[in-house]
Amino acid sequence: MKKLIGAMLACLLAGGLMAAETPEFNTDTGGVRSERGTTDLGSEATPAPFKNYRKDGEPYDRQYMHQPPLIPHDVRNYEVDTKVNKCLSCHSFKNASKMKAPKISPTHFETRDGMTLGEVSPRRYFCQQCHVPQADAKPLVENTFKPVESLE
C-alpha cells in the first residue's frame with residue numbers, strides 16, 4: 001500500500017513539473033482556424049461590426065426542399081418572448097393582408113400530435129429557431145453548396 005501511494009505521489013509531482021514548463025497559451029492549433037483569430041479564450045475579442053440587412057424586399061429563393069423561408073428584412077430589436085412575438089404583428093392571419101406580408105403557414109398551428117390549435121403552436125412560436133435574416137456579409141467559410149435543380 002505504501003508503494004502504491006508513493007507511486008501516485010511521484011506521478012502527481014511529475015505531472016506538476018511538466019505543467020509548470022508548458023506555456024500558458026498554446027498557439028499550435030493543429031491546422032484548425034478560429035473565427036476569434038488569435039484572441040485567447042480568456043480575453044474579450046473585438047466584436048464584429050453589425051451586418052447590413054436590407055430594409056424590406058422580395059422573398060429569397062429557397063435552396064432545398066422544406067427550407068424555412070429566409071427573412072428579407074432586419075429583425076434587430078424584435079421582441080420575441082413568451083408574452084410577445086413581434087413577427088406576428090405582420091405575419092399573423094389577421095394582419096398579413098393589410099401589412100402586405102406573407103401569412104404564417106397553417107403548419108405552425110399544429111401540435112406534434114397533429115392537433116390543430118387556434119393560435120400558434122408553442123413549438124413554432126419562436127420564429128428565429130428556423131427563419132433567419134440574411135445579411136450582406138462575406139462567407140465565414142468556403143461554400144460549394146448547389147441548390148436542388150427542381151427549385152432553380
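Excluded from the calculations below are hydrogen atoms, water molecules and symmetry mates; all remaining heavy atoms, backbone and side chain alike, are included.
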Checklist entry - How far does NZ of K94 sit from CE of M99, to the nearest 0.5 angstrom? => result 12.5 Å

Checklist entry - Rounded to the nearest 0.5 Å, how far apart are CD of E119 and OG1 of T116? => result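 E119 atom CD to T116 atom OG1 measures 13.0 Å (nearest 0.5 Å).
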
Next on the checklist: One pair to check against side chain to side chain contact (heavy atoms under 4.5 Å, CB included): S97 and K103. What are the steps and the verdict?
Outcome noted: CA-CA 8 Å; S97 296; K103 286 180 186 166; 4.2 Å; yes

Under a 4.5 Å cut-off applied to non-hydrogen side-chain atoms, are [X] and [Y] in contact?
X: Y125; Y: L88; value: yes
X: P133; Y: V75; value: yes
X: H91; Y: P102; value: yes
X: Y78; Y: C87; value: yes
X: L70; Y: R62; value: no
X: T111; Y: P122; value: no
X: C127; Y: N85; value: yes
X: R123; Y: R112; value: yes

Checklist entry - T82 and F126: side chain to side chain contact (heavy atoms under 4.5 Å, CB included), yes or no, with the steps? => result CA-CA 9 Å; T82 57; F126 296 97; 4.2 Å; yes

Checklist entry - With under 30° as parallel and over 60° as perpendicular, where do the rings of F93 and F109 fit, or are they tilted in between? => result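 Plane angle over 60°, so perpendicular.
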
